[in-house]
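Heads up: the structure comes next, in structure tokens.
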Amino acid sequence: MNASFSRDHAERIDRALEGLLPADELAAFHAEVIRDADLRAAYVERAWLHGALRAERDLLPSLLEKSDAAPAPVARWPWLASFGVAATAAAAAAVLTFVWLDFRRAAPTPTLAAASPVATLVQADNTKWAGSTLPTLPQSALGPGMFSLIEGIATVRFASGAVVTLEAPTKLEIVSALRCRLLEGSLTADVPESAHGFTVDTADLRVVDLGTRFGITASATGNTHVFVFTGEVEVDDGGRGPARRVTAGRSFHGDSASTAPSAEPNRAEPPRMIDGWTSVTTAEGRGRDSFVRRGYPEPMGAQPLLMVKHSDLERSRNNERRAILTFDLAELHGAEISEAQIVLDPEPSGMGFAINAAPEARFAIYGVKPGVADGWRENTVAWETLPACDDAGVIAGQTARLAEFTLARGGSGEPVTIRGAGLAAFARSCRGGLATFLIVRETGETDQTGLVHAFASKEHPTARPPTLRVR
């Protein structure tokens with residue numbers, strides 16, 4: 001790699017690794033890294049260096065004192081002299097490089113983190129990242145640091161042999177070859193005998209492998225769900241109870257987080273009209289939303305999530321879920337409706353694992369004929385009383401299939417906009433009254449631990465409620 005190449009790219013690599021590049025410039029730089037083999041090699045090497053320096057940050061003060069007596073780093077890289085005062089950031093990076101090389105020569109027994117990475121990012125499928133302190137290119141060596149995956153699925157192989165798969169959206173901190181911390185999101189772990197004792201910490205639990213394959217979902221405040229596929233794990237809830245073992249086919253729920261919606265949801269009302277579109281949510285007027293689950297008589301209308309699932313397994317029949325939305329269109333009485341859309345905010349359900357789900361899930365939106373569902377109530381609706389449905393599915397004579405949409409495994413969580421000519425025709429038929437829709441998932445699961453999909457309800461404290469937009 002020539003000096004000109006280094007001058008052009010060293011500073012940009014450092015700025016990218018430190019999170020100092022604007023989003024558009026970072027995206028352009030990542031594209032350039034993928035195209036250019038030399039730049040890619042330099043990026044991976046420098047990313048490893050950054051990770052190793054972070055791992056040894058406690059030793060750096062003494063190493064910097066030692067470097068005062070060492071030859072000036074400019075002697076090693078003559079091209080730095082041409083930068084002058086304007087190249088402070090690049091010079092600082094070169095000093096750290098010199099200190100690191102000096103440390104490698106002087107240290108008689110380097111630690112694992114200093115001598116080698118603690119993990120490798122072995123696979124990244126349709127991924128997008130935000131706020132990560134670790135390199136995100138496949139085959140990158142990883143020291144301790146943070147991953148923030150906002151879209152897709154990524155697999156990390158720890159130096160101990162443990163393999164952890166992340167499902168977006170997930171934040172994971174790599175601590176060592178035998179430990180990581182799940183800040184929020186979902187992961188599955190395959191742990192061989194060589195990694196016996198591999199540990200995953202969450203806000204409310206510590207999960208220690210005893211030779212197994214297991215999955216964990218967690219929120220930032222806890223509410224951790226552990227499911228053991230094979231083998232067993234030991235779960236410690238921080239002294240609130242004795243440590244316990246969870247064996248294959250069983251699960252454990254932490255309880256430090258409350259799932260009750262806040263009394264005052266922290267969300268702004270959606271705009272009434274923008275660019276000719278009028279928005280109506282389930283939180284307005286006589287609007288309402290809920291979901292139902294087979295075999296569970298308790299009403300779900302006060303929940304912050306609308307959960308939807310379909311399974312092809314007989315033993316998972318009671319995991320079936322459907323959602324219902326009602327919009328009050330009284331304000332649209334007499335309006336001419338030419339187009340209509342439904343906007344939903346996907347949210348993590350905390351139930352099931354995308355790695356065991358179908359690569360893509362297809363959903364259908366059904367309109368319930370006016371008058372059929374006007375009287376349903378959030379505080380009473382259940383599987384057996386859901387309007388226009390029986391145990392087998394929606395009732396054809398009382399509904400019309402209006403649109404469909406799909407969600408990819410490990411999707412981004414960005415709002416989903418559902419379009420279709422049938423939506424506008426149905427909205428026209430309900431002007432001045434109530435428009436009720438059913439959401440069902442048509443893609444079935446073939447694994448007991450497949451994913452439950454969820455969307456924000458009107459009780460969600462931060463996300464927008466289901467929204468019907470008409471023009």
Side-chain angles (χ1 to χ4, degrees), residues 280 282 285-301 303 305-329 337 340-344 358 361-407 416 418-445 450 452-455 457-458 465-468 470:
V280 180
T282 55
R286 295 171 292 167
R288 45 197 183 270
D289 54 37
S290 186
F291 75 95
V292 297
R293 179 179 177 183
R294 179 188 276 123
Y296 284 74
E298 296 83 1
M300 306 290 187
Q303 298 297 313
L305 299 178
L306 303 171
M307 298 193 185
V308 184
K309 181 180 174 71
H310 173 56
S311 177
D312 293 329
L313 300 174
E314 182 62 28
R315 61 183 176 178
S316 297
R317 277 177 51 81
N318 284 350
N319 283 331
E320 196 91 1
R321 294 168 171 88
R322 303 166 184 162
I324 182 169
L325 317 173
T326 291
F327 301 94
D328 187 349
L329 305 188
I337 298 174
Q341 304 172 346
I342 291 177
V343 182
L344 302 173
R362 185 181 69 252
F363 299 79
I365 300 284
Y366 287 84
V368 181
K369 292 186 176 180
V372 172
D374 290 357
W376 78 272
R377 296 290 179 264
E378 290 183 351
N379 60 355
T380 59
V381 69
W383 182 267
E384 291 78 8
T385 60
L386 185 68
C389 290
D390 57 23
D391 193 61
V394 298
I395 300 174
Q398 300 178 14
T399 61
R401 193 175 191 277
L402 304 177
E404 66 178 45
F405 64 98
T406 59
L407 293 178
V416 176
I418 303 129
R419 302 174 174 86
L423 289 173
F426 183 77
R428 284 193 294 269
S429 71
C430 299
R431 280 178 302 184
L434 300 176
T436 296
F437 301 87
L438 299 170
I439 305 175
V440 299
R441 198 175 82 188
E442 297 182 331
T443 302
E445 297 291 355
V452 177
H453 287 86
F455 307 94
S457 76
K458 63 183 179 64
T467 302
L468 176 65
V470 299

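Hydrogens, waters and symmetry mates are skipped; everything else that's a heavy atom, side chains included, is used.
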Exercise for review: Considering only NZ, NE, NH1 and NH2 on the basic side and carboxylate oxygens on the acidic side, decide whether Arg294 and Glu384 come within less than 4.0 Å.
Suggested key: no

Check your understanding: Who are the salt bridge (charged side-chain N to carboxylate O under 4.0 Å, His left out) partners of Glu314, not counting sequence neighbours?
Key -> Arg317

Review point. Looking at residues at least two apart in the chain, or sitting in another chain, which of them share a side-chain contact (heavy atoms from CB on, under 4.5 Å) with Asp328?
Key: Arg286, Ala330, Leu434

Revision key, fill the gap. In Arg293, His310, Arg441, Lys309, the residue satisfying side chain to side chain donor-acceptor pair (under 3.5 Å) with Glu320 is His310

Review point. Atom CD of Glu445 and atom CG of Asp312: how far apart are they, to the nearest 0.5 Å?
Key: 8.5 Å

Revision key, fill the gap. Residue pairs passing the ring pair (Phe, Tyr, Trp, His ring centres under 6.0 Å) test with at least one member in residues 373-400, sequence neighbours excluded, are none

Exercise for review: Output every pair passing ring pair (Phe, Tyr, Trp, His ring centres under 6.0 Å) with a member in residues 422-442, not counting sequence neighbours, ordered by first then second residue.
Suggested key: Phe327-Phe437, Phe426-Phe437

Exercise for review: State whether the side chain of Arg419 and the backbone N or O of Ala340 hold a donor-acceptor pair below 3.5 Å, judged by distance alone.
Suggested key: no

**Study point:** Contacts of Thr282 that satisfy side-chain hydrogen bond (donor to acceptor under 3.5 Å, both in side chains) - sequence neighbours left out
**Key:** Asp289

Practice item. For Arg288, check side-chain hydrogen bond (donor to acceptor under 3.5 Å, both in side chains) against everything at least two apart and list the hits. Key: none

**Study point:** Contacts of type side-chain contact (heavy atoms from CB on, under 4.5 Å), residue Ala421, not counting sequence neighbours
**Key:** none

Practice item. Determine the interplanar angle of the Phe405 and Phe363 rings, folded into 0 to 90°, and report it as parallel if under 30°, tilted if 30 to 60°, perpendicular if over 60°. Key: parallel

Exercise for review: Could I get the full list of side-chain hydrogen bond (donor to acceptor under 3.5 Å, both in side chains) partners for Arg321, not counting sequence neighbours?
Suggested key: none

Review point. For Asp374, what residues pass the side-chain hydrogen bond (donor to acceptor under 3.5 Å, both in side chains) criterion, not counting sequence neighbours?
Key: none

Point to revise | Qualifying side chain to side chain donor-acceptor pair (under 3.5 Å) pairs, either residue in residues 394-404, two or more places apart | key: Arg401-Glu404, Arg401-Glu442

Review point. Can you name the one residue among Thr436, Ile365, Leu306, Leu468 that meets side-chain contact (heavy atoms from CB on, under 4.5 Å) with Leu325?
Key: Leu306

**Study point:** Qualifying residues under salt bridge (charged side-chain N to carboxylate O under 4.0 Å, His left out), relative to Arg322, sequence neighbours excluded
**Key:** none

Exercise for review: Return yes if some donor-acceptor pair links the side-chain N/O of Lys369 with the main-chain N/O of Gly397 below 3.5 Å, else return no.
Suggested key: yes

**Study point:** Any donor-acceptor pair under 3.5 Å from Ser290 side chain to Gly301 backbone
**Key:** yes

